[in-house]
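Contents: one structure, followed by commentary.
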Amino acid sequence: MAKDKKKLVEAITSRDKDFTQWYTDVVTKAELIDYSSVRGCMILRPLGNALWEAVRGGLDRRFKESGHENVLMPMFIPESLLQKEADHVEGFAPEVAWVTMGGGEVLQERLAIRPTSETLFCEHYAKVVQSYRDLPKLYNQWVSVVRWEKTTRPFLRSLEFHWQEGHTAHENEADAMEETLRMLDIYRDFVKEDLAIPVIQGRKTDKEKFAGAEQTYTIEAMMHDGKALQSGTSHYFGDGFARAFDITYSDRENKLQYVHQTSWGMSTRILGALIMVHSDDSGLVLPPRIAPTQVIIVPVAQHKEGVLEKAREILATLKAAGIRVKLDDSDKSPGWKFSEYEMKGVPLRLEIGPRDIEAGQALIARRDTGTKEAFAISELAEKLPQLLETMQADLLARATESLNSRIYEAKDYDTFKELIAGKPGFVKAMWCGELPCEEKIKEDTTATSRCIPFEQEQLADTCVCCGAPAKQLVLWGKAY
RNA sequence: CGAGGUGUAGCGCAGUUGGCUAGCGCGCCUGCUUUGGGAGCAGGAUGUCGGGGGUUCGAGUCCCUUCACCUCGACCA
């Protein structure tokens with residue numbers, strides 16, 4: 001047993017020894033993705049894609065419940081269209097992929113492969129919005145976009161990535177701002193309830209905000225190594241894009257007005273967070289609500305009379321109870337199957353063998369704690385859904401404890417630098433609101449401002465960096 | 001894009017101052033025996049040594065060049 005255990009541990013790099021290598025190992029060995037022949041582009045394999053489908057399902061339901069509709073825009077953006085909003089082009093131009101040929105001929109105007117679709121939505125809104133009666137427009141699309149990044153990592157940063165982008169148009173500032181914050185709450189609720197990931201909500205500093213936005217709001221999550229991952233953003237555009245794209249409508253007094261807009265997105269990057277928050281040295285750990293398979297049945301001594309029959313009977317019972325369950329009756333050894341489904345993060349494993357059948361029970365092993373417990377076969381349909389819910393809640397509790405215990409406070413710059421250098425996690429500190437301090441902090445420590453949290457405190461009266469009067473509390477950290 | 005590193009079978013690697021028919025482990029295939037934590041035995045298949053060029057009687061090994069990937073920075077969801 002000790003020998004086998006060792007073999008298993010050697011299969012992936014230890015999480016605490018080399019976190020980034022551990023991440024790469026989990027992503028590939030759990031068969032979430034494979035690399036493709038184009039640099040920085042990844043293949044989502046069945047399990048990786050199933051997770052993305054689950055994320056889509058959870059978000060899409062919430063979007064629709066809050067009145068949004070899905071559309072699909074083209075993937076090409078003519079160069080002239082992309083250039084209409086100055087800040088926006090400036091932000092994205094360096095990483096755009098261009099199509100210059102079509103059908104063997106050079107195009108008159110080159111086409112950008114969308115890095116994001118604000119411009120396409122704006123062009124469309126300019127056409128279809130005439131009256132206040134046409135508002136609001138609450139559109140979303142599920143697509144992939146391309147950004148020519150210099151370095152890439154599976155899920156965290158790839159040339160092509162899948163996401164949803166919501167783009168809305170409203171009558172006025174108040175409506176648009178309400179929408180911006182509503183979507184940020186939806187993101188927070190989704191990752192908390194479905195992915196068991198706690199986040200901190202806040203506003204981005206001007207330096208970190210989206211190209212073309214007036215305000216950018218974010219949910220920031222903390223990975224197991226203490227680094228931050230921006231996990232979803234919601235932008236308030238004011239009427240900046242509306243002026244650039246001439247999106248106007250006649251209001252109730254028959255006066256011509258510009259619309260006020262928002263956009264918001266969550267990408268496959270969130271799967272990186274899912275991995276880096278919950279998983280361990282045995283591989284992936286999936287919260288039950290997002291797990292494509294919640295229970296894996298592993299028969300033991302399956303060649304013996306009655307074992308497979310009982311396993312199939314339990315399979316049918318659990319399916320009927322609404323559990324996503326599978327039976328592995330392949331001829332691999334039980335030990336192999338144990339390790340395999342641990343690597344793939346299946347929340348519960350059900351072992352059933354001749355001894356169990358005789359006792360009228362089955363063994364249930366939890367993926368997150370590793371504990372094994374016997375349950376009466378007759379009670380499985382009732383008890384397992386409860387156990388899945390318990391596990392979901394435990395994962396969130398553990399992640400919340402991990403987040404809260406690693407948020408530190410700094411009132412002076414020496415303490416700040418020591419914390420950033422010595423303690424993985426976030427640091428709360430007061431800020432004067434000026435760019436030079438933000439840049440200096442980044443240069444000195446490599447930490448960036450993650451957000452200006454909604455939950456403000458008056459830690460001190462002066463900026464942690466320059467000593468000038470402080471304007472607000474900022475959350476700092478090293479980020480992915 | 002800067003600095004460093006790695007490319008040899010599906011995966012992980014060894015390959016000596018340049019020398020014979022390029023090896024090992026895992027995986028894969030076949031058969032038998034097995035089955036409560038990655039099973040055992042026997043047999044079998046798999047290589048443009050990342051690509052191109054050069055030096056040499058002879059290159060996986062030396063030189064030039066190019067490509068890809070990884071790590072750390074700068075940029076981003």
Side-chain angles (χ1 to χ4, degrees), chain A residues 1-13 18-21 23-25 28-29 34-40 91-96 115-116 144-165 187 204 207-211 216 218-221 228-235 263-273 282-283 298-304 307-308 329-343 349-357 359 362-363 365 370 372 374 439 442-443 446 448 478-480:
Chain A
M1 181 175 151
K3 195 181 85 188
D4 292 333
K5 186 74 183 168
K6 195 175 165 209
K7 243 188 198 170
L8 176 64
V9 171
E10 279 170 358
I12 63 174
T13 307
D18 184 347
F19 192 76
T20 54
Q21 189 60 52
Y23 175 78
T24 308
D25 285 353
T28 53
K29 298 237 163 86
D34 196 9
Y35 297 96
S36 77
S37 54
V38 178
R39 175 186 78 88
F92 282 100
E95 51 187 17
V96 167
T116 179
S144 71
V145 292
V146 169
R147 298 180 189 176
W148 216 260
E149 302 289 349
K150 284 165 184 162
T151 55
T152 60
R153 305 206 54 204
F155 295 121
L156 303 178
R157 187 182 304 117
S158 46
L159 291 200
E160 181 191 23
F161 60 90
H162 299 265
W163 75 344
Q164 57 72 214
E165 45 178 327
Y187 286 150
K204 285 289 186 187
K207 179 177 186 295
E208 302 284 332
K209 77 182 184 189
F210 179 81
T216 288
T218 179
I219 54 171
E220 297 286 326
L229 191 74
Q230 179 176 308
S231 301
T233 47
S234 187
H235 314 289
S263 83
W264 25 275
M266 182 173 279
S267 73
T268 39
R269 171 179 271 192
I270 197 69
L271 297 180
S282 297
V298 178
V300 174
Q302 63 185 34
H303 59 290
K304 297 231 171 99
V307 172
L308 274 180
D329 58 1
S330 70
D331 63 0
K332 307 270 193 192
S333 75
W336 188 93
K337 292 175 189 175
F338 293 171
S339 300
E340 174 72 3
Y341 295 104
E342 280 168 10
M343 184 63 74
R349 179 180 71 242
L350 188 154
E351 300 173 25
I352 181 86
R355 299 209 292 264
D356 303 305
I357 294 173
L363 291 179
K372 225 189 236 193
E439 284 175 337
K442 183 170 184 184
E443 200 181 311
T446 75
T448 51
K478 294 180 183 173
Y480 276 100

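Numbered from 1 within each chain, the chains take letters A, B, ... in sequence-line order.
Using N1 to N3 plus N6-O4 or O6-N4 for Watson-Crick, or N1-O2 and O6-N3 for G-U wobble, each under 3.5 Å, B:rU55 pairs with nothing. Remark: B:rU6 base-pairs with B:rA68. Criterion, Watson-Crick or G-U wobble with two distances under 3.5 Å. Checking B:rC11 for Watson-Crick or G-U wobble geometry (two distances, each under 3.5 Å) identifies B:rG25 as its partner. Shown here, B:rU30 forms a base pair with B:rA42; the pair counts as Watson-Crick or G-U wobble because both key distances fall under 3.5 Å. The partner of B:rG36 is absent, by the rule that a Watson-Crick or G-U pair needs both atom distances under 3.5 Å. In this structure B:rG60 sits in no base pair that meets the Watson-Crick or G-U test at under 3.5 Å.
Between the P atoms of B:rC20 and B:rG15, the separation comes to 15 Å (whole Å). A gap of 14 Å separates the P atoms of B:rG53 and B:rU61, to the nearest Å. Nucleotides B:rC75 and B:rU8 have their C1' atoms positioned 36 Å apart, rounded to a whole Å. Here, B:rG27 and B:rC70 have their C1' atoms 24 Å apart, quoted to the whole Å. Taking atom P on both B:rA68 and B:rG51, the two are 15 Å apart, rounded to the nearest angstrom. For B:rC29 and B:rU66, the P atoms lie 43 Å apart once the distance is rounded to whole Å. Distance check on atom P: B:rG60 versus B:rG23 gives 13 Å, rounded to whole Å. Taking atom C1' in both B:rU21 and B:rG10, one finds a spacing of 24 Å when rounded to whole Å.
Under the side-chain hydrogen bond (donor to acceptor under 3.5 Å, both in side chains) criterion, A:K207 pairs with no residue at all, not counting sequence neighbours. With sequence neighbours excluded, no residue satisfies ring-ring contact (aromatic ring centres under 6.0 Å, His included) with A:W336. Residues passing the side-chain contact (heavy atoms from CB on, under 4.5 Å) test with A:A359, sequence neighbours excluded: A:Q361. In this structure, the side-chain contact (heavy atoms from CB on, under 4.5 Å) partners of A:T218, at least two apart in sequence or on a different chain, are A:K204, A:E220, A:Q230, A:T233, A:C451. With sequence neighbours excluded, the residues forming a side-chain contact (heavy atoms from CB on, under 4.5 Å) with A:A479 are A:A228, A:T448, A:R450, listed by chain and number. Scored by the ring-ring contact (aromatic ring centres under 6.0 Å, His included) test, A:F161 finds A:W163 as partners (sequence neighbours excluded). Scored by the side-chain hydrogen bond (donor to acceptor under 3.5 Å, both in side chains) test, A:Y341 finds A:D328 as partners (sequence neighbours excluded). With sequence neighbours excluded, the residues that form a ring-ring contact (aromatic ring centres under 6.0 Å, His included) with A:F19 are A:W22. Under the rule for a side-chain contact (heavy atoms from CB on, under 4.5 Å), the partners of A:P115 that lie at least two apart in sequence or sit in another chain are A:I77, A:F92, A:V96, A:R147.
With no hydrogens or angles considered, no side-chain donor-acceptor pair links A:H162 and A:T268 at under 3.5 Å.
An aromatic stacking contact between A:H303 and the base of B:rU34 is absent, as defined here by ring centres under 5.5 Å apart and ring planes under 30° from parallel.
No side-chain heavy atom of A:Y480 sits under 4.5 Å from any side-chain heavy atom of A:Y23.
One can place CD of A:E340 at 16 Å from C1' of B:rA39, the figure rounded to the nearest angstrom. Following rounding to the nearest Å, A:D356 (CG) and B:rG36 (C1') show an atom-to-atom distance of 8 Å.
Taking both residues in full, the closest heavy atoms of A:P299 and A:K337 are given as CD-NZ, 4.3 Å, listed atom of the first, atom of the second, then distance.
Using a 4.0 Å heavy-atom cutoff across all strands shown, A:P299 reaches no nucleic acid atom at all. As judged by a 4.0 angstrom heavy-atom cut-off over every strand, A:G353 is placed among the base-contacting residues. The residue A:L363 sits close to a base: some heavy atom pair falls under 4.0 Å.
The main-chain N or O of A:G265 is found under 3.5 Å from a side-chain atom of A:Y187 such that the two form a donor-acceptor pair.
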Nucleic acid footprint by protein, nucleotides 7-14 of chain B - heavy-atom cut-off 4.0 Å, B for base, S for sugar-phosphate alone = --------
Sequence-aligned protein contact record of nucleotides 69-77 of chain B, with B where the base is within under 4.0 Å of a protein heavy atom and S where only the sugar-phosphate is | SSSSBBBBB
Check: protein-nucleotides 26-28 of chain B nitrogen or oxygen pairs below 3.5 Å:
unit_1	atom_1	unit_2	atom_2	d
B:rC28	OP1	A:K332	NZ	3.2

